Number of protein chains: 2
Amino acid sequence: MSRTTACRTEGVEEREVCVMLDVLGRVSGKWSLGVLSETTRGPVRFAALERALPGISRRILTLTLRDLEANGLLTRTVYPTVPPKVEYTATEQARELYAQLTGLTAWAARHPAAPARPDHARPDAGRHPA
Amino acid sequence: MSRTTACRTEGVEEREVCVMLDVLGRVSGKWSLGVLSETTRGPVRFAALERALPGISRRILTLTLRDLEANGLLTRTVYPTVPPKVEYTATEQARELYAQLTGLTAWAARHPAAPARPDHARPDAGRHPA
DNA sequence: CAGGATCCGCCACGATACTG
DNA sequence: CAGTATCGTGGCGGATCCTG
């Protein structure tokens, strides 16, 4: 995650693209959005996240959390109890970012599906499944 | 590009996350956004794209174009002239998507920069530059 | 409970050379 | 001009074992 978007597209006013790439890079992790989704609703414990994200490994979860925290998208709270307890919460910034990204679902809704393979089969006629 | 977002987060209403992941996956290529940025302003030729995106290789450019086309974000027009001529143009869908993504720059503007390494240095005070 | 350490496989991306 | 073919690489993600 957090790709170090060097961004060389200095040709035009693509400076905009660089910013977008940078922002997206901060949530580019395979599970980043899932973690944000869970933590935007309030503090969540490590184990809870693990359960909420079936298939994620402890290592990746840790890395994802650290990464998001480093980008100011997550706050990490440690309770020095006997059995360790750590809670993660999305920051206000993260919630705003997530909300912005949520707009993508609206776009997706307007555009049903991507044609699997237009290689040789041209979908010239606007024939949609639904 | 076009990560095959299996998306298993079926735990909650994370279905939303899956959609977002799917959409972002279609422009996850390192140069996808750059290509879209260039083609949203009108038809652009292969060589022109190559020049507009310093650092990209022919292979990757080709793959990126094919990928975007397969996702209905780009239209490819071939002119069977003696020296081959091919033009690429972003579809309406692509322009809408790009516009939506553009909103990220606004978010970025509101949140100056990500602390390089909050490992041990806590930026506890909300001291912002502007 | 919440990680850290290690090893490994896959895939996106890159460099180069050749072609219709 | 606009690709295709081949080879090589880095880094993300996964599996497993160990620890405060």
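No experiment lies behind these values; they were computed from the predicted model shown. Proteins get letters first, then strands, A, B, ... in listed order; numbering begins at 1 in each.
Axis angle across the helix from C/dC1-D/dG20 to C/dG20-D/dC1, with five pairs used at each end and values rounded to 10°: 50°.
A/Arg66 meets the salt bridge (charged side-chain N to carboxylate O under 4.0 Å, His left out) test with no other residue; sequence neighbours excluded. Residues forming a side-chain contact (heavy atoms from CB on, under 4.5 Å) with A/Ala48 (at least two apart in sequence, or on another chain): A/Val44, A/Arg45, A/Arg51.
A/Glu50 places its CD atom 13 Å from the C1' atom of D/dG14, with the value rounded to the nearest Å. Distance, A/Leu21 CG to C/dC13 P: 11 Å, rounded to whole Å. The nearest whole Å value for the distance from the CZ atom in B/Phe46 to the P atom in D/dA2 is 7 Å. Across the protein-nucleic acid pair, B/Leu61 atom CG and C/dA12 atom P stand 17 Å apart, rounded to whole Å. The nearest whole Å value for the distance from the NZ atom in A/Lys85 to the P atom in C/dG3 is 14 Å. In this structure, B/Arg51 atom CZ and D/dC1 atom C1' are separated by 11 Å, rounded to whole Å. Note: CZ (A/Arg76) to P (C/dC1) measures 16 Å, nearest angstrom. In this entry the distance linking CG of B/Leu33 with P of C/dA12 reads 17 Å, nearest Å.
No contact: A/Tyr79 has no heavy atom under 4.0 Å from any strand. The residue B/Thr62 sits close to a base: some heavy atom pair falls under 4.0 Å.
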_Where protein sits on nucleotides 14-20 of chain C, one letter per nucleotide: B base, S sugar-phosphate only, - none, heavy atoms under 4.0 Å_ = BB----B
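Not a single donor-acceptor pair under 3.5 Å links the side chain of A/Thr40 to the backbone N or O of A/Ala90. The main-chain N or O of A/Tyr88 is never found under 3.5 Å from a side-chain atom of A/Thr39 such that the two would form a donor-acceptor pair. Between the B/Trp107 side chain and the A/Tyr98 main chain, no donor and acceptor come within less than 3.5 Å of each other.
Listed nucleotides C/dG3, D/dG3, C/dC1 differ in distance to A/Arg66; the shortest reach to its side chain belongs to C/dG3.
Identified under the side chain to side chain donor-acceptor pair (under 3.5 Å) test for residues 54-63 of chain A, with sequence neighbours left out: A/Glu50-A/Arg58. Residue pairs meeting the salt bridge (Lys or Arg N to Asp or Glu O under 4.0 Å) criterion with at least one partner in residues 93-105 of chain B, sequence neighbours excluded, are A/Arg110-B/Glu96, B/Glu92-B/Arg95.
For C/dG3, the OP1/OP2 oxygens have a side-chain nitrogen or oxygen of A/Tyr88 closer than 4.0 Å.
Interatomic distance, A/Leu68 CG to A/Arg26 CZ, rounded to the nearest 0.5 Å: 11.5 Å. Taken from OG1 in B/Thr102 to CE in A/Met20, the straight-line distance is 4.5 Å, to the nearest 0.5 Å.
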